[in-house]
Amino acid sequence: MNEIVTERSNLFEPNVYITICVEIAGKVCSHKLSTAIKQAFEANEATMSKIVLEHGFAYYEKIPVSNCKIEIKNENENWIELVNQNEKIPFEIDKGELVRVFIIPSEDKTQIIIMAHHLVGDGKSIIYFVKDIMNALSGISLTYKPLTLLKRNLSQEGLSVIAKLYAHYCKHKWNNHFFTWQDYYDLHKKYWKSVSSDIQYETLSVRETQKIKDDAKQIGCSVNSYIVTLFLQKYPYLCKVGIPVSIRQDKNETMSNLTSGISINYKYNVEKTFAENAVQVHKRITKKLKRYKVFVLQFLARLPMTLIDAVLLNTYNSCCERLAKKTAKILGYFGKNKKDLGISNLTVIDIPTSYGNYKIKNIIFVPPAVSYSHNIIGVSTVNERMTISYHNTYVGIMNIPT
């Protein structure tokens with residue numbers, strides 16, 4: 001059974017959609033592109049599965065026909081407005097709708113908009129899905145890729161005694177209250193009734209992108225640490241930054257969730273140079289990666305799975321369990337542990353950009369505006385040009401704890 005364990009926090013999260021906008025040079029036949037997308041669905045177990053929720057257990061189950069969606073839109077339609085509209089419509093993951101793909105044709109380019117529920121995979125998964133589409137479009141046969149999951153037997157080495165004790169306490173105290181698909185749909189509708197999403201992005205020139213790389217090298221930090229420091233420069237206070245971390249093995253191109261995460265606390269020191277701040281940020285990130293790279297996954301795997309569901313429901317006042325509220329604060333869904341900023345960097349996109357007669361011009365990556373971070377930044381680099389996206393949500397009347 002492909003049980004959902006380390007990905008469990010994605011199950012009831014109402015805003016957990018990864019968006020990738022792929023721009024292909026020239027006008028591509030929409031029917032041919034749609035056929036290629038269907039072939040990509042059929043080549044991945046993740047997109048040929050539905051999510052089953054039974055008495056507190058959640059797992060992937062294969063289905064004979066993919067229920068992921070493909071829709072051809074009008075020419076030159078605004079892709080950001082399309083995403084904003086579709087965020088508000090719950091994905092029917094219980095029926096296998098884990099991905100929605102939209103084709104937007106125009107004379108000079110064709111856009112493929114992929115909205116993927118996080119349970120179908122991480123950001124790199126969707127990039128490899130793009131590779132499958134482009135290969136199928138150019139006539140290359142696809143190889144079936146099974147789902148790869150992190151199991152409960154994830155190594156506990158390095159997990160702190162306090163974390164182990166709290167997980168044990170939760171198992172002892174939790175009443176194993178489980179939730180249903182009705183709770184899933186009700187929470188999604190309640191959330192989006194009073195929340196609006198804002199997506200902005202900027203693609204840097206080749207020269208601007210190279211300057212960031214050169215500056216980072218000269219300073220002695222990674223490009224990612226450099227970007228984190230750039231954003232920290234805008235915060236006048238101690239900032240908590242969340243950074244997703246890929247734990248995917250080389251050559252593993254399956255659609256799976258193979259991402260962990262770390263966080264650092266840092267206050268930009270205006271009395272020091274940018275380079276001095278960047279070095280300190282890089283040191284903190286490096287230290288956390290060495291000691292806590294898989295900590296969050298280890299911790300989640302030890303908690304009762306239905307308690308993780310309750311954390312999300314509690315965050316949006318759909319559950320009144322005391323232990324769920326306490327755990328939500330520890331996990332950073334509200335209170336002082338919530339991240340001020342989340343930065344997800346896919347780095348240089350590691351797929352080809354040319355496929356026969358087809359050429360990828362750009363790939364824009366928009367991470368989900370998850371509940372445990374106030375502001376989300378996405379970074380992707382293709383054709384030597386970096387694109388930085390900003391994804392934020394604005395809350396209306398709903399009373400969300402802060």
Side-chain angles (χ1 to χ4, degrees), residues 1-19 44-54 56-62 68 90-99 115-129 145-156 159 167 178-179 181 183-184 187-188 242-249 252-262 293-313 315 327-328 331-333 342 344 367-373 376:
M1 179 190 295
N2 282 323
E3 185 184 1
I4 296 171
V5 181
T6 55
E7 308 93 345
R8 188 68 179 228
S9 58
N10 296 324
L11 182 60
F12 279 87
E13 171 67 74
N15 189 359
V16 72
Y17 308 128
I18 300 168
T19 298
N44 288 277
E45 183 180 351
T47 46
M48 296 294 295
S49 299
K50 67 178 181 179
I51 307 300
V52 178
L53 184 59
E54 292 181 333
F57 288 98
Y59 55 91
Y60 298 83
E61 183 177 278
K62 292 182 184 179
C68 298
F91 274 48
E92 295 181 320
I93 59 176
D94 55 321
K95 297 179 177 63
E97 188 198 17
L98 288 163
V99 179
M115 285 188 69
H117 195 287
H118 216 323
L119 284 176
V120 84
D122 50 30
K124 281 190 173 289
S125 294
I126 313 309
I127 295 300
Y128 297 133
F129 181 68
K145 292 181 289 188
L147 190 63
T148 303
L149 297 178
L150 299 171
K151 303 295 185 179
R152 285 187 183 275
N153 59 359
L154 185 69
S155 171
Q156 299 301 311
L159 191 61
F178 59 83
F179 304 92
W181 286 123
D183 295 305
Y184 165 84
L187 175 59
H188 193 284
I243 305 169
V245 179
S246 176
I247 56 173
R248 187 179 292 265
Q249 299 295 316
N252 181 347
E253 297 188 358
T254 61
M255 290 189 72
S256 308
N257 266 304
L258 298 170
T259 302
S260 184
I262 61 167
K293 187 174 182 177
V294 295
F295 171 82
V296 66
L297 300 181
Q298 294 171 323
F299 184 56
L300 287 172
R302 292 181 77 97
L303 292 176
M305 295 293 101
T306 53
L307 174 59
I308 298 174
D309 300 339
V311 163
L312 270 300
L313 290 159
T315 299
T327 307
L331 292 174
Y333 282 89
S344 183
V370 287
S371 300
Y372 47 82
S373 187
I376 300 292

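All values derive from a computational prediction rather than experimental measurement.
- Expressed to the nearest 0.5 Å, how far CD1 of I308 lies from CG of L313 amounts to 12.5 Å.
- For the pair E61 and K50, the minimum side-chain heavy-atom distance is below 4.5 Å.
- Nearest heavy-atom pair, L187 versus L312, reported as atom, atom and distance to 0.1 Å: CD2-O, 4.3 Å.
- The aromatic rings of Y184 and H188 lie tilted to each other, with the angle between the two planes from 30° to 60°.
- Here the side chains of F91 and I51 are not in contact, with every heavy-atom distance at 4.5 Å or above.
- No donor-acceptor pair under 3.5 Å is formed between the side chain of T306 and the backbone N or O of F178.
- Note: H117 and Y17 have perpendicular aromatic rings, judged against thresholds of 30 and 60 degrees for the angle between ring planes.
- Checked by atom type and distance alone, the side chain of R8 never pairs as donor or acceptor with a backbone atom of L307 at under 3.5 Å.
- A side-chain N or O of H118 and one of N257 form a donor-acceptor pair less than 3.5 Å apart.
- Between D309 and F179, the shortest heavy-atom contact is CB-CD1, 3.8 Å.
- Of all heavy-atom pairs between L11 and A58, the closest is CD2-CB, 3.9 Å.
- For Y128, the OH atom is densely surrounded, since the number of other residues' heavy atoms within 6.0 Å is greater than 12.
- For E92, there are no salt bridge (charged side-chain N to carboxylate O under 4.0 Å, His left out) partners at least two apart in sequence or on another chain.
- Between T47 and L98, the closest side-chain pair of non-hydrogen atoms is not below 4.5 Å.
- Looking only at side-chain heavy atoms (C-beta outward), L149 and E7 come within less than 4.5 Å of each other.
- Using a 4.5 Å cut-off on side-chain heavy atoms (C-beta onward), I93 and W181 make contact.
- Using a distance-only test at 3.5 Å, with no hydrogens or angles considered, a donor-acceptor pair links the side chain of E13 to the main chain of S371.
- Here the straight-line distance linking atom CE of M48 with atom CG of L147 works out to 13.0 Å at 0.5 Å rounding.
- Side-chain contact between L331 and F299 is present, with at least one heavy-atom pair separated by less than 4.5 Å.
- Note that CG of L303 is 6.5 Å distant from OG1 of T327, once rounded to the nearest 0.5 Å.
- Side-chain polar atoms of S125 and D122 form a donor-acceptor pair below 3.5 angstrom.
- Note: S246 OG to K293 NZ = 7.5 Å, rounded to the nearest 0.5 Å.
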Check against side-chain contact (heavy atoms from CB on, under 4.5 Å), T315 and F12: CA-CA 11 Å; T315 299; F12 279 87; over 6 Å; no

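- Between atom NZ of residue K124 and atom CD1 of residue I126 there is a gap of 12.5 Å, rounded to the nearest 0.5 Å.
- For N44 against F129, the heavy-atom pair with the smallest separation is ND2-CD1, 4.0 Å.
- Here I262 contributes atom CD1 and I243 contributes atom CD1; the two are 4.5 Å apart, rounded to the nearest 0.5 Å.
- Shown here for V99 and A116, the closest heavy-atom pair between the two residues is CG2-CB, 4.2 Å.
- Nearest heavy-atom pair, R302 versus A167, reported as atom, atom and distance to 0.1 Å: CB-CB, 3.7 Å.
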Dump the intermediate steps for side-chain contact (heavy atoms from CB on, under 4.5 Å) on M305 and F57, then the final yes or no. CA-CA 8 Å; M305 295 293 101; F57 288 98; over 6 Å; no

